[in-house]
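When a ligand or atom number is given, it counts from 1 through the structure's own listing order. Side chains are part of it too, since the values below use all heavy atoms of this structure and drop only hydrogens, waters and symmetry mates. Along the sequence shown, the residues carry numbers beginning at 1.
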Amino acid sequence: MSHPSDIWAKLEAHRQAQGDLRIEALLDETRARDYTTSADGLSFDWSKTTIDAEARALLLALAAPVAARRAAMFAGERINETEDRAVLHTALRDLDQSLILDGQDVMAEVRKTHDRMARFAEQLRDGRFRGQGGKITDVVNIGIGGSDLGPAMAVRALAPYHDGPRVHFVSNVDGADIADTLAVLDPETTLVIVASKTFTTIETMTNAETARRWMAHKVATPADQFAALSSAEGKTSEWGIDATRVFGFEDWVGGRYSVWGPIGLSLMIAIGPANFDAFLAGGAAMDRHFREAAPEDNLPVLLALTGIWHHQICGYATRAVLPYDNRLARLPAYLQQLEMESNGKGVAMDGTSLTRPSGPVVWGEPGTNGQHAFYQLIHQGTAIVPCEFILAARGHEADLAHHHRLLVANCLAQSEALMRGRDLDTARALMRAKGYEGAALDRQARHRVFPGNRPSTTLLIPELTPFTLGQIVALYEHRVFTEGVILGINSFDQWGVELGKELALKVEPLLEGQDMPGHDASTRHLAELVRDLRN
Ligand SMILES: O=P(O)(O)OC[C@H]1O[C@](O)(CO)[C@@H](O)[C@@H]1O
């Protein structure tokens, strides 16, 4: 087997040799089939890229170290080396397995917590658990980052399955977030969930205090209408939440990987335990596929390799995630944390500087909305943005089938337009037909040229259900893991978020006019301007 640095060098040389290879020159019926990989009802089409047979073989060679690291992860080895932790969020979605960690079978506790969550969710949904004013009508999940984005994304995605109380999310320390949310709620029929792995995050704890004060205006014992989701069970009881409504999890579940366990309680309340279990089953099906499929048929591996080709080899700085499903509106934000907090690193696992770029900037919005906004840039701008389309073959609105047909047509048309573009001759012919000639014809035509050859992939699912959503989320988790292994990154720590948190604590007194040493001139000046504007 070649040394990884030889493979990288060969990939770079191959890309150079490709020159301005057109994707269309590669594409035929065979490629359309061969570069569409399917598993458990999901299909990933990566034919509209410049990955040719040689690039594909080299990329697959790059993935050689993934198998051993994957086995280590599932076996509970401490692969999160900078925090000395195992990485076992996968255990939360395969409850029947037995898993021995440090000599202990950890699954008994995982199952117990899952069953307690299910009982609590059912009691809340059928009215056995009541607020001071009767049946709970609204649930507010207060959390941030991984304690917000996962359930917020999934609750929105699975709206057709909602049959429980309304669920709301508050994350930002900006008082506007909680004020707007609570303004329309009745404290007497609201349950507040404080979701924080550490139970120290300043945004969450500030919002939780505000919610408790709001509740106390009308409710005699506000703590009775609070629940907590956390790894820090001591802190939850200090805060006054009864242990019967505290749902704990272990430190081997990372924040951005935590929607599968207690952090998913708001989702479970919204869609019910059976649908929540279908979401877990989708994740577990993807785990099995990831562990068992050969690299060339392995969806997470292929998504990772496509990403590496575009970012590390072709040098495209960003990747757009474009769900053609309005209910996946929060998926890009969810993936921003999953991908950028996991692989946005500057050093390798061994502490040496990375010699290649880490993960790309990930961004996006649902289609077709994006088409009327930023697609201008992805079609004609100077930066090439690989696009990742996500599409469901069926919509939920049977009586609005024509909407869905238009949605699908737009999605397929966009990837075709990005690849094919429109050349100058075609643009000139169009403008000539409109009556232009001479210099004006030329000028007008040039604005209507599309360079084309812009890469995209399409992930096709049958329908957005709890099961398929579980598959999608686990697919992206394993993609991030695979990229991390290939780049030598620890995808499970997030030291880069710490410095800003520390400094925020030191900046706050400046805003109150205290002379804090150590701040730079610009920061002191900005604080002074804020103080002046406030007065
Ligand atoms: O669940 P917690 O401990 O409140 O943390 C929230 C989020 O904050 C982070 O630690 C980053 O600041 C994320 O990794 C995490 O998901």
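Within the 4.0 Å heavy-atom cutoff, Gln337 counts among the residues contacting ligand 1.
Close approach of ligand 1 to Ser147 (heavy-atom distance below 4.0 Å) involves ligand atoms 1 (O), 2 (P). Less than 4.0 angstrom separates some heavy atom of Ile144 from each of these atoms of ligand 1: 6 (C), 7 (C). Heavy-atom proximity to Ser196, at under 4.0 Å, picks out these atoms of ligand 1: 1 (O), 2 (P), 3 (O), 4 (O). Distances below 4.0 Å separate heavy atoms of Gly146 from the following atoms of ligand 1: 15 (C), 16 (O). Near Thr201, with a cut-off below 4.0 Å to any heavy atom, the atoms of ligand 1 are 2 (P), 3 (O), 4 (O), 5 (O).
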Next item on the list: Please lay out, stage by stage, how Leu303 and Tyr476 fare under the test side-chain contact (heavy atoms from CB on, under 4.5 Å).
Entry: CA-CA 8 Å; Leu303 261 77; Tyr476 275 93; 4.2 Å; yes
Margin query: Please determine whether side-chain contact (heavy atoms from CB on, under 4.5 Å) holds for the pair His310 and Arg319, giving the CA-CA distance in whole Å, both sets of side-chain angles, and the decisive distance to 0.1 Å.
Written below: CA-CA 9 Å; His310 287 145; Arg319 173 159 54 82; 5.9 Å; no
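In terms of N/O distances under 3.5 Å, ligand 1 is not approached by Gly145.
Heavy atoms from both the backbone and the side chain of Lys197 come within less than 4.0 Å of ligand 1. Only the side chain of Val497 comes within contact range of ligand 1, with a heavy atom under 4.0 Å; no backbone atom does.
The nearest non-hydrogen atom to atom 12 (O) of ligand 1, considering only Lys501, Met205, Gln494, comes from Lys501.
Annotation: Glu508, atom CD; neighbour count of heavy atoms from other residues, nucleotides and ligands within 6.0 Å does not exceed 12. The neighbour count for Gln104 CD, taken as heavy atoms of other residues, nucleotides or ligands under 6.0 Å away, does not exceed 12.
Taking the centre and axis of the six-membered ring of Phe290, the NZ or CZ atom of Arg70 falls inside the cone set by 45° and 6.0 Å.
Although no hydrogens or angles enter the test, the distance criterion places a donor-acceptor pair under 3.5 Å between the side chain of Ser230 and the main chain of Lys197.
Considering Gln337, Glu339, Glu477, Glu341 as possible partners of Arg256, the one that fulfils the side-chain hydrogen bond (donor to acceptor under 3.5 Å, both in side chains) test is Glu341.
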